[in-house]
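Proteins come first, then strands; the chains are lettered A, B, ... in the order of their sequence lines, and each starts at number 1. Side chains are part of it too, since the values below use all heavy atoms of this structure and drop only hydrogens, waters and symmetry mates.
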Number of protein chains: 2
Amino acid sequence: MLSTDELALLEAIRESGSLSRAAARLGKAPSTVSYAARQLEARFDALLFDRRRYRLQLTPAGHLLAQEAARLMQDVSRLTQRVKQVAGGWEDRLWIVTDEILEFDTLIPVIRSFDALKSGVTLRITHEVLGGTWDALRDGRADLVVGATNEPPVIPGLRWFELGVMDWVFAVSPKHPLAKAKEPLERATVIQHRAIVVADTSRKTDVRGYGVLGGQPKLAVPRMRAKIRAQCEGLGVGWLPRDRVAGLIKRGDLIEKKTVDPREPNLLYVAWRGDHQGRALEWWLAQLQNKRLASRLVRGVEVDATL
Amino acid sequence: MLSTDELALLEAIRESGSLSRAAARLGKAPSTVSYAARQLEARFDALLFDRRRYRLQLTPAGHLLAQEAARLMQDVSRLTQRVKQVAGGWEDRLWIVTDEILEFDTLIPVIRSFDALKSGVTLRITHEVLGGTWDALRDGRADLVVGATNEPPVIPGLRWFELGVMDWVFAVSPKHPLAKAKEPLERATVIQHRAIVVADTSRKTDVRGYGVLGGQPKLAVPRMRAKIRAQCEGLGVGWLPRDRVAGLIKRGDLIEKKTVDPREPNLLYVAWRGDHQGRALEWWLAQLQNKRLASRLVRGVEVDATL
DNA sequence: GAACTCGTTCGAAGAGATCGAACATGTTGT
DNA sequence: ACAACATGTTCGATCTCTTCGAACGAGTTC
């Protein structure tokens, strides 16, 4: 509805303050510009040029058109670039959902590498807790899921591979009553103490945590890092990723306790829908198959007691 | 960069699943549509149509273009309407800033009347406290100011008229120690009690209220209604608009006290920059010159103790 | 296998855009 | 006051782009 030539015409008139000078600037005859100006006024059914004085000028409506059309032209440019990108096999956008179990920071180097490709693909990374990652994939709210726990559910076209194995340790603060309790800890002993669980508090989800016993009081916190901090402070008990608290256990800031009911290590998955797979998704899958990166993701960032 | 005809072409192909049917739908020859399709592909430098099968289809890039172009076309339509509106003498948008002293609710009927004009002018109404209304006008953050207090400052092109006069009453809760104090209240007596002031708490503005004595402790609240409530609850003292608390005083929920230092009534102003005055501004000025409306604005909404 | 449909090619025709020349009008410099 | 220059419009000629019908090759349907 407005070509780059027409926008250029408006801008040339605005900047030069004259139709003749605008024509010279555009390398066109004054009659060409005059004709095009009248065409624009007919098309918009509005007076865009003030011809009452010696020199033609933009009216307020003309100024508005020039200004807003420039912005629209930017939108068109961005769209043109996106169209070429999709035509080139890239996705328009890629939605990645990670389990909260993984630390976002560990993905930063991968994001930087992806940025360096200058693909133009809009990236969005969010996280879910518990079964949320699979739900996101099923509902089309994710193109790629990283670090999903539980067995992969039945989703048409679902493809996946294992990212790694996460080992757990039941740990309490030296200040916690269970620190001195006799091992292995009985269910009845554990259930008397509040469990610290990770929950997405932005959602009013049913707060169920891994390894939490029925009827056990709980404190929900938003991130794994917060859970580790809370347990260090003796606010409750629970299972923690072994690698992330190794230093804390070594320093005595957390005490590992054996339990009658041990927790099996978790298999973490990378999963995606196979039905539409563009170059961005393929790039990310190739990265995630790299064993060193996978290991860094699964091990996470070790938590320091002093922070 | 994309005409309505081109968008229509994309949509016809998408909906009919065939170039020939699209041509029929558009009332054009198939060769015309074929030519235009190739023009589009050249212009976007991208494969928009898949010709490998018997019938032509949109590629993912073609789908993206059709989808996003429809949204862009809506933006263009809206721009076209705005251009006509400005060409017709209306503003593109009107920014009204009121003093917090006025109650927003009293403007609702005027807004409704303005909406009924179907001018297309985007209205934005915000409020400021203290000298903020004049600042907003000077800084170009307001086209029209309603209920400004203080003498109009020196602003080039400033025009104004009086909206009305707001009378004040110094009032305290029956529960407040000053309720039984001997009248007229001395400065030394008043200063010992916390003042309730109205401040725009979204801004870290210097909290200075009207009729607040130097060195007097203060409680800042966001609206006049909140100040009235706070004083009813005995949380502090201060001047209140007489009309808004008339019922509360009558019922004994607030006690009027005479003071040695009385507060003069405030002149409230309507002000605007005269240098660019469109039909929307003119309409609002005409409304505000209506004495009944002006009176309703100045008197405000009486506060009920039970709320 | 005939009849029909699809999309492309190509030359002709139609429509729109561009230009130069001429003109009326306003501004600037002497 | 007037010549020289600048501005924007008008108009017919020309150029460029778009549209179409006819013909064609290839695929689908009955």
Q) Does a side-chain N or O from Arg51(B) land closer than 4.0 Å to OP1 or OP2 of dT8(C), or not? A) yes

Q.
Please check: side-chain N/O of Glu162(A) versus main-chain N/O of Tyr269(A), any donor-acceptor pairing under 3.5 Å?
A. no

Q. Counting only side-chain N and O atoms of Arg38(B), is one of them less than 4.0 Å from OP1 or OP2 of dT8(C)?
A. yes

Q: Tell me whether the OP1 or OP2 atom of dT27(C) has a side-chain N or O from Arg53(A) closer than 4.0 Å.
A: no

**Q.** Steps toward side-chain hydrogen bond (donor to acceptor under 3.5 Å, both in side chains) verdict (Ser77(A), Gln74(A))
**A.** CA-CA 5 Å; Ser77(A) 286; Gln74(A) 287 177 349; over 6 Å; no

Q: Applying side chain to side chain contact (heavy atoms under 4.5 Å, CB included) between Glu11(A) and each of Leu9(A), Ile13(A), Leu7(A), report the one that passes.
A: Leu7(A)

(Q) How would you summarise protein contacts on nucleotides 19-30 of chain D per nucleotide, using B for base, S for sugar-phosphate only and - for none, with heavy-atom distances below 4.0 Å? (A) BBB-----BS--

**Q.** Distance in angstrom units between Leu40(B) CG and dC17(D) C1', rounded
**A.** 15 Å

Q: Counting heavy atoms from C-beta on, name the nucleotide in dT7(D), dC6(C), dA17(C) closest to the side chain of Gln39(A).
A: dA17(C)

Q: Using only heavy-atom distances, determine whether the side chains of Gln81(B) and Arg78(B) contain a donor-acceptor pair under 3.5 Å.
A: yes

(Q) Has Asn266(B) got a side-chain atom pairing as donor or acceptor with Leu268(B)'s backbone, closer than 3.5 angstrom? (A) no

Q.
Just the rounded figure in Å: distance from P of dG8(D) to CZ of Arg52(A).
A. 15 Å

Q: Write down the distance between CZ (Arg43(B)) and P (dC17(D)), rounded to a whole number of angstrom.
A: 13 Å

Q. Can you find a side chain N or O atom of Ser18(B) that sits less than 4.0 Å from OP1 or OP2 on dG7(C)?
A. yes

Q) Rounding to a whole Å, what distance do you find between Leu26(A):CG and dG8(D):P? A) 13 Å

**Q.** Interatomic distance, Leu56(A) CG vs dT25(C) P [rounded to whole Å]
**A.** 18 Å

(Q) Cation-pi check for Trp283(A) against Arg279(A): NZ or CZ below 6.0 Å from the six-membered ring centre and within 45 degrees of the axis, yes or no? (A) no

